[in-house]
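Each remark here refers to the structure printed beneath this line.
We number each residue from 1, following the sequence as shown.
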Amino acid sequence: MSIQEVTGKGHEATDHQHFDPKGKPPSSFTIQFQSGLRKNLPFEDERDFAEAQKGFIAAPAYQQIMAEAGHVAWDMGCYEFLLRGFDSVFDTIHPSLQRQAILNMAYGLYEVVPDKIYQVRGFDLANMTIIKGETGWILFDVLTCKETARAALELVNQQLGQRPVHAVVYSHSHADHFGGILGVVDEKDVKSGKVQILAPVEFMKHAISENVYTGTAMNRRAYFQYGLLLPRSPFGHVDQSIGKNIAAGKVGLIEPTRYIKNDIEELEIDGVRMVFQNTPGTEAPAEMNTYFPDWKAFWAAENICGTIHNIYTLRGALVRDALEWSKKISEALYLFGQEAEVMFASHSWPRWGNDRIQEVMRVQRDTYGHLHNEVLHQANQGVTINQIHNVYKLPASLQQQWAARSYHGSEEHNSRAVINRYLGYWDANPATLIPLSPSDSAPLYVEMMGGADRIMAKGKELYEKGEYLSATEILNKLIYAEPHNQPAKDLLADVYEQIGYQKESPSVRNSFLAAAFELRNGFPSGVTAQPVNPDTVRAMSTDLLLDFLGIRLDSSKAQGMQFTINLSTPDNGEQFIIEMSNSTLTNIKGFQSPDPDLAITIHRSDLELIMSGLVTFPELVQQGKVTLEGDAGIFDQLQSVLVQFSPDFEILPGTKTAAAAVSSEHDAFEQVEPASSAGG
């Protein structure tokens with residue numbers, strides 16, 4: 001099955017028929033589970049629905065936004081099955097998640113503060129916020145890609161009158177908040193000073209670096225967290241908690257012209273007073289809230305939205321600080337929350353009225369704070385990282401608050417993340433300190449359990465009793481021992497599917513449903529690393545590129561190699577020593593060896609062309625744009641031991657449908673696209 005065949009199914013699936021021939025309906029146990037939730041969750045509290053629709057101005061006639069490359073970049077229409085509301089009960093969807101998925105169907109232009117603040121929602125994973133200055137627009141967060149951002153601004157100008165963009169604010173360093181910049185401003189206007197771009201301190205460092213070193217692995221894991229192969233269906237992808245999904249267009253980046261460096265910093269742009277609050281270490285390593293004192297309007301970036309967020313995001317990222325997150329919300333509560341009359345954010349919907357604002361701020365502050373404190377309370381009494389997800393629970397008072405529901409995060413993976421942040425992955429049992437790899441331990445378990453037939457029989461028994469986690473425990477061992485046992489993979493897929501139906505967090509739901517899909521069908525062929533966007537290349541530091549070359553090094557092929565390279569990029573004044581020794585590639589910025597084996601001189605701007613795959617290193621040598629002094633064979637040695645990663649590796653055993661294509665056409669310095677940080 002090809003990637004094109006899989007993604008082509010997305011618009012054909014309906015809630016009447018499963019998109020997968022092997023798919024199963026919800027079991028009686030899942031139906032009973034969902035029914036109990038409908039009785040116990042606070043569905044009588046409908047304030048979010050009123051807030052999500054308040055201020056609606058207009059929606060465009062279209063539901064699809066096309067990418068410049070010719071494919072569909074965004075499609076709200078494929079989620080229309082959700083608009084039947086709670087009159088349609090989907091037992092394949094956790095009732096709380098179904099509610100969130102309906103709330104995220106808001107689509108169009110909305111007014112937040114009369115004649116001052118507007119938002120375009122439902123054009124991408126994030127919202128675009130539009131501030132009306134004295135003479136033009138100030139845009140806060142410009143979506144993931146050029147095409148959706150351009151469409152959003154066109155809707156604004158069509159409905160509110162044409163005005164120039166004077167400034168753009170990136171609230172933080174995730175791609176769904178800056179990637180659409182080229183759809184709303186011309187880079188020449190930024191360079192000339194006509195348009196300014198503001199961002200929190202260290203924005204550029206974190207916008208790229210987080211997603212390069214393990215970018216290929218992150219992209220592969222995103223197939224699970226974001227359900228990239230799942231059709232839009234009650235049996236598949238229904239929501240992404242902070243929005244419907246991530247747009248698939250051209251991602252860009254223009255470097256900010258001004259950084260907010262102080263904890264609290266006040267500016268006036270085009271007659272609009274803004275007070276910025278830096279909140280590093282919360283939802284992103286570089287992030288900031290903004291208060292508009294003249295309008296008593298508080299912009300909470302992605303620190304407070306319609307869900308409890310990820311402390312650990314399943315695609316992979318550094319673990320966040322739940323305590324710091326809680327403290328920054330507290331600071332905002334007392335800096336701005338005492339008088340604010342509207343609170344809005346880069347995701348979800350606004351809240352109006354000071355009592356409502358303080359309620360939501362305290363609920364989210366206390367949820368992050370309780371998560372941190374209670375998990376460490378349990379850890380200090382011996383509960384380990386391998387137990388906490390089955391122990392940790394929110395207090396009953398927070399369980400009855402919609403603002404405390406963990407859609408984007410989950411109590412299970414967030415609680416484990418807190419322990420991991422402080423104590424690491426080890427549970428202090430020596431048996432787990434040097435564990436066997438699953439493929440090595442599984443045959444032992446299968447033998448001791450009496451073979452595949454007995455495991456399958458017990459697995460079916462557990463499945464039929466609704467004991468899905470227990471079934472997972474033994475069936476997972478079987479497929480690692482026998483990767484090509486398709487009946488075993490199909491049975492485990494059935495188990496995963498029921499667990500997915502029952503999960504409130506879309507990331508967790510998608511992960512189980514995507515795993516079920518791959519177990520049944522294999523991972524589709526035709527998935528390759530995306531070529532790097534030239535705008536992204538310019539944002540990468542040279543040392544980041546060189547660090548990643550060290551990661552790409554196949555150390556088994558580099559045994560015995562030893563050399564020193566001086567690298568100079570005269571147009572930006574950078575110098576590096578690159579050393580190969582002990583099968584390790586090291587770079588030292590700001591130094592030059594007095595006796596290198598090879599000296600390479602190349603303009604940084606030309607290096608960017610190589611990194612983008614637009615030209616090769618030998619071509620630039622022939623053009624006289626690269627100077628090589630010394631042993632040119634050293635560069636051939638380096639190139640021979642570098643690996644190009646591809647995001648089609650197997651996660652679950654026996655699911656690889658085709659061998660990875662190996663290409664020798666890549667230049668040593670050519671980059672692949674970093675992983676997307678969209679969604680945090």
Side-chain angles (χ1 to χ4, degrees), residues 1-3 5-10 12-31 33 91-93 220-221 223-224 227-231 233-237 438-439 441-443 445-447 449-503 508-525 527 648-658:
M1 182 175 293
S2 71
I3 186 74
E5 289 171 329
V6 172
T7 54
K9 288 183 177 182
E12 301 168 1
T14 71
D15 54 323
H16 301 294
Q17 183 177 354
H18 201 299
F19 59 83
D20 193 325
K22 292 183 178 180
K24 301 294 189 295
S27 68
S28 60
F29 301 100
T30 295
I31 293 171
F33 177 81
D91 284 314
T92 55
I93 308 173
R220 178 64 178 94
R221 292 160 65 106
Y223 279 87
F224 279 22
L228 298 182
L229 300 182
L230 296 176
S233 158
F235 296 97
H237 193 283
S439 58
S441 65
Y445 280 94
V446 170
E447 179 186 355
M449 286 188 278
D453 290 344
R454 293 191 64 178
I455 296 173
M456 288 288 288
K458 185 63 176 178
K460 289 176 182 176
E461 177 189 332
L462 292 168
Y463 175 79
E464 290 168 359
K465 292 165 64 176
E467 297 180 18
Y468 300 127
L469 291 178
S470 296
T472 295
E473 186 74 16
I474 61 171
L475 292 171
N476 186 56
K477 296 287 193 298
L478 178 55
I479 67 163
Y480 270 100
E482 300 182 7
H484 302 295
N485 186 333
Q486 193 59 50
K489 290 190 287 186
D490 287 345
L491 181 55
L492 181 57
D494 292 345
V495 173
Y496 280 170
E497 189 169 55
Q498 297 302 321
I499 295 172
Y501 290 160
Q502 294 182 19
K503 288 303 175 182
V508 178
R509 170 191 172 90
N510 292 342
S511 296
F512 278 99
L513 296 184
F517 181 92
E518 291 190 21
L519 286 167
R520 289 165 174 160
N521 301 288
F523 186 69
S525 61
V527 178
D648 64 348
F649 55 81
E650 188 175 80
I651 291 180
L652 300 171
T655 57
K656 188 73 173 291
T657 58

Are side-chain heavy atoms of [X] and [Y] found at a separation under 4.5 Å?
| X | Y | value |
| --- | --- | --- |
| Leu229 | Phe523 | yes |
| Phe19 | Leu230 | yes |
| Asp91 | Phe33 | no |
| Thr92 | Glu497 | no |

Going from CG on Leu513 to OH on Tyr501, what distance comes out if it is rounded to the nearest 0.5 angstrom?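 Between Leu513 CG and Tyr501 OH, I get 6.5 Å after rounding to 0.5 Å.
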
All ring pair (Phe, Tyr, Trp, His ring centres under 6.0 Å) counterparts of [X], not counting sequence neighbours:
| X | answer |
| --- | --- |
| Tyr463 | Tyr468 |
| Phe224 | none |
| Tyr496 | Phe512 |

For the residue pair Pro443 and Pro438, what are the closest heavy atoms and their distance?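 Closest approach of Pro443 to Pro438, heavy atoms only: CD-O, 4.4 Å.
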
Closest contact, heavy atoms only, Val495 versus Ala471: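 Closest heavy-atom pair between Val495 and Ala471: CG2-CB, 3.9 Å.
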
For Thr30, give me all partners under side chain to side chain donor-acceptor pair (under 3.5 Å), at least two apart in sequence or on another chain.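 Counting only residues at least two positions away or on another chain, Thr30 forms a side chain to side chain donor-acceptor pair (under 3.5 Å) with Ser27, Gln498, Gln502.
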
Tell me, please, which residues at least two apart from Glu461 pass salt bridge (Lys or Arg N to Asp or Glu O under 4.0 Å).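 With sequence neighbours excluded, Glu461 shows a salt bridge (Lys or Arg N to Asp or Glu O under 4.0 Å) to Lys458, Lys465, given in chain and number order.
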
Of all residues at least two apart in sequence or in a different chain, which pass the salt bridge (Lys or Arg N to Asp or Glu O under 4.0 Å) check with Arg220?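 Per chain and number, Arg220 pairs via salt bridge (Lys or Arg N to Asp or Glu O under 4.0 Å) with Glu518.
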
With a sphere of 6.0 Å drawn around CZ of Phe29, does it hold more than 12 non-hydrogen atoms of other residues, nucleotides or ligands?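 Atom CZ in Phe29 is packed in, count exceeds 12.
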
List the steps, then state whether side-chain contact (heavy atoms from CB on, under 4.5 Å) holds for Leu462 with Leu475. CA-CA 10 Å; Leu462 292 168; Leu475 292 171; over 6 Å; no

Sequence neighbours left out, what passes side chain to side chain contact (heavy atoms under 4.5 Å, CB included) with Ser28? Give chain and number order.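 Not a single residue meets the side chain to side chain contact (heavy atoms under 4.5 Å, CB included) criterion with Ser28.
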
Less than 3.5 Å apart, which donor and acceptor atoms pair up between the side chains of residues 476-494 and the rest of the protein, not counting sequence neighbours?
| residue | atom | partner | partner atom | Å |
| --- | --- | --- | --- | --- |
| Glu482 | OE1 | Asn485 | ND2 | 2.9 |
| Asn485 | OD1 | Ala488 | N | 3.1 |
| Gln486 | OE1 | Lys489 | NZ | 3.4 |
| Gln486 | NE2 | Asp490 | OD1 | 2.8 |
| Gln486 | NE2 | Leu519 | O | 3.0 |
| Lys489 | NZ | Pro483 | O | 3.1 |
| Lys489 | NZ | Gly654 | O | 2.6 |
| Asp490 | OD1 | Lys22 | NZ | 3.2 |
| Asp490 | OD2 | Lys22 | NZ | 3.2 |
| Asp494 | OD1 | Lys24 | NZ | 3.2 |
| Asp494 | OD1 | Arg520 | NH2 | 2.8 |

